[in-house]
Amino acid sequence: MKKPIAIACDHAALDMKAEVIKHLSDNGFECIDYGTYTKDSCNYPDYAEKVCTAVYEGKHDLGILICGTGIGMSMAANKCKGIRAALCSDTFSARFTRLHNDANILCMGARTIGAGLACDIADIFVNTPFEGGRHKTRVDMITALEEKLSK
Ligand code: RB5
């Protein structure tokens, strides 16, 4: 049974988030929307925290965070334990960050790419499995770095 996808955005990405949710829902993925729900100015780390906490707690395997550039969301998400966030603006990166990095959070920029591409990127991200093998060794090294540098 597939777990629902966690998704959130800031005020810059409300419309794109709605398009991504519709696209994923139309393609059989339940999305849980952690906000923001209006175009009122807000702070993207609050929404990165909501999604990353839910992924860390095991409520979701994968999450999507969208802000103006995707950069702030990816910076905030990558500070969270157990999170491997990838900022993607192309489908190749989305495919390979799942295959090779086992990324569990996809970040995108609503001011840098269009909604059609964002939907394609999200589609590939949620449908591509981790390849494991030699890539698991490297992902385990990322986890070890997280442990080592958070002491
Ligand atoms: C909001 O204006 C903007 O700074 C935010 O959406 C994002 O691009 C930050 O990285």
Side-chain angles (χ1 to χ4, degrees), residues 3-27 29-128 130 135 138-139 141-151:
K3 287 187 189 173
I5 308 295
I7 188 164
C9 66
D10 73 358
H11 55 281
L14 199 71
D15 295 338
M16 179 178 280
K17 183 184 69 177
E19 298 222 31
V20 170
I21 290 173
K22 181 177 184 327
H23 178 79
L24 293 179
S25 305
D26 288 348
N27 287 281
F29 287 87
E30 187 191 350
C31 294
I32 306 295
D33 184 354
Y34 286 86
T36 188
Y37 306 115
T38 74
K39 289 191 180 176
D40 295 346
S41 183
C42 64
N43 300 317
Y44 58 81
D46 287 335
Y47 296 92
E49 181 181 351
K50 287 176 200 291
V51 163
C52 293
T53 301
V55 169
Y56 179 73
E57 288 172 346
K59 293 179 183 148
H60 310 274
D61 291 328
L62 298 175
I64 299 174
L65 291 168
I66 316 175
C67 63
T69 58
I71 295 172
M73 285 291 200
S74 64
M75 287 180 168
N78 277 317
K79 296 292 180 193
C80 301
K81 194 169 169 63
I83 297 302
R84 289 175 300 281
L87 171 58
C88 296
S89 311
D90 64 277
T91 52
F92 185 91
S93 299
R95 179 173 293 109
F96 276 86
T97 199
R98 287 289 308 126
L99 287 170
H100 287 190
N101 313 127
D102 199 16
N104 50 11
I105 299 285
L106 168 67
C107 299
M108 295 188 287
R111 293 173 177 159
T112 59
I113 62 171
L117 178 54
C119 291
D120 277 359
I121 289 171
D123 199 71
I124 286 170
F125 187 81
V126 300
N127 280 297
T128 304
F130 178 46
H135 302 295
R138 296 162 185 165
V139 170
M141 288 171 73
I142 296 175
T143 306
L145 263 181
E146 179 179 86
E147 295 297 328
K148 192 172 166 184
L149 297 181
S150 64
K151 283 182 182 137

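As the structure lists them, so they are numbered: ligands from 1, and atoms in each ligand from 1. Just so we're clear, the structure is a prediction, and the values are computed from it rather than from any experiment. Values below: every heavy atom of this structure, side chains too, minus hydrogens, waters and symmetry copies.
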Which atoms of ligand 1 sit under 4.0 Å from any heavy atom of [X]?
X	result
Cys67	6 (O), 7 (C), 8 (O), 9 (C), 10 (O)
Gly68	5 (C), 6 (O), 7 (C), 8 (O)
Asp10	1 (C), 5 (C), 6 (O)

* To do: For ligand 1, note which part of Ala12 has a heavy atom under 4.0 Å away: side chain, backbone, both or neither.
  => side chain

* **Taking atom 10 (O) of ligand 1 as the reference point, the nearest protein heavy atom with its distance** => Gly72 N, 2.9 Å

* Asked: Can you tell me which residue and heavy atom of the protein come closest to atom 4 (O) of ligand 1, and the distance to 0.1 Å?
  -> Tyr44 CE2, 4.6 Å

* salt bridge (Lys or Arg N to Asp or Glu O under 4.0 Å) evaluation trace for Lys81 with Glu147 -> CA-CA 9 Å; Lys81 194 169 169 63; Glu147 295 297 328; 2.6 Å; yes

* Asked: Any N or O of Thr69 that comes nearer than 3.5 Å to an N or O of ligand 1?
  -> yes

* Using distance alone, determine whether Gly70 and ligand 1 share an N or O pair under 3.5 Å. => no

* Tell me which one of Met75, Arg111, His11, Met73 gets a heavy atom nearest to atom 3 (C) of ligand 1. => Arg111

* Asked: Can a protein heavy atom be found under 4.0 Å away from atom 6 (O) of ligand 1?
  -> yes

* Structure fact -> The residue among Ile7, Leu87, Val51, Ile83 that forms side chain to side chain contact (heavy atoms under 4.5 Å, CB included) with Leu65 is Val51

* Is a side-chain donor-acceptor pair under 3.5 Å present for Tyr47 with His11? -> no

* Asked: Is there a donor in the side chain of Asn101 and an acceptor in the side chain of His135, or the other way round, less than 3.5 Å apart?
  -> no

* Asked: Aromatic rings His100 and Phe96: how do their planes relate, parallel, tilted or perpendicular, breaks at 30° and 60°?
  -> perpendicular

* Asked: Are any of the side-chain nitrogens in Asp26 or Lys22 under 4.0 Å away from the carboxylate oxygens of its partner?
  -> yes

* To do: State plainly whether the residues Lys79 and Glu49 are in salt-bridge range, i.e. N to O under 4.0 Å.
  => no

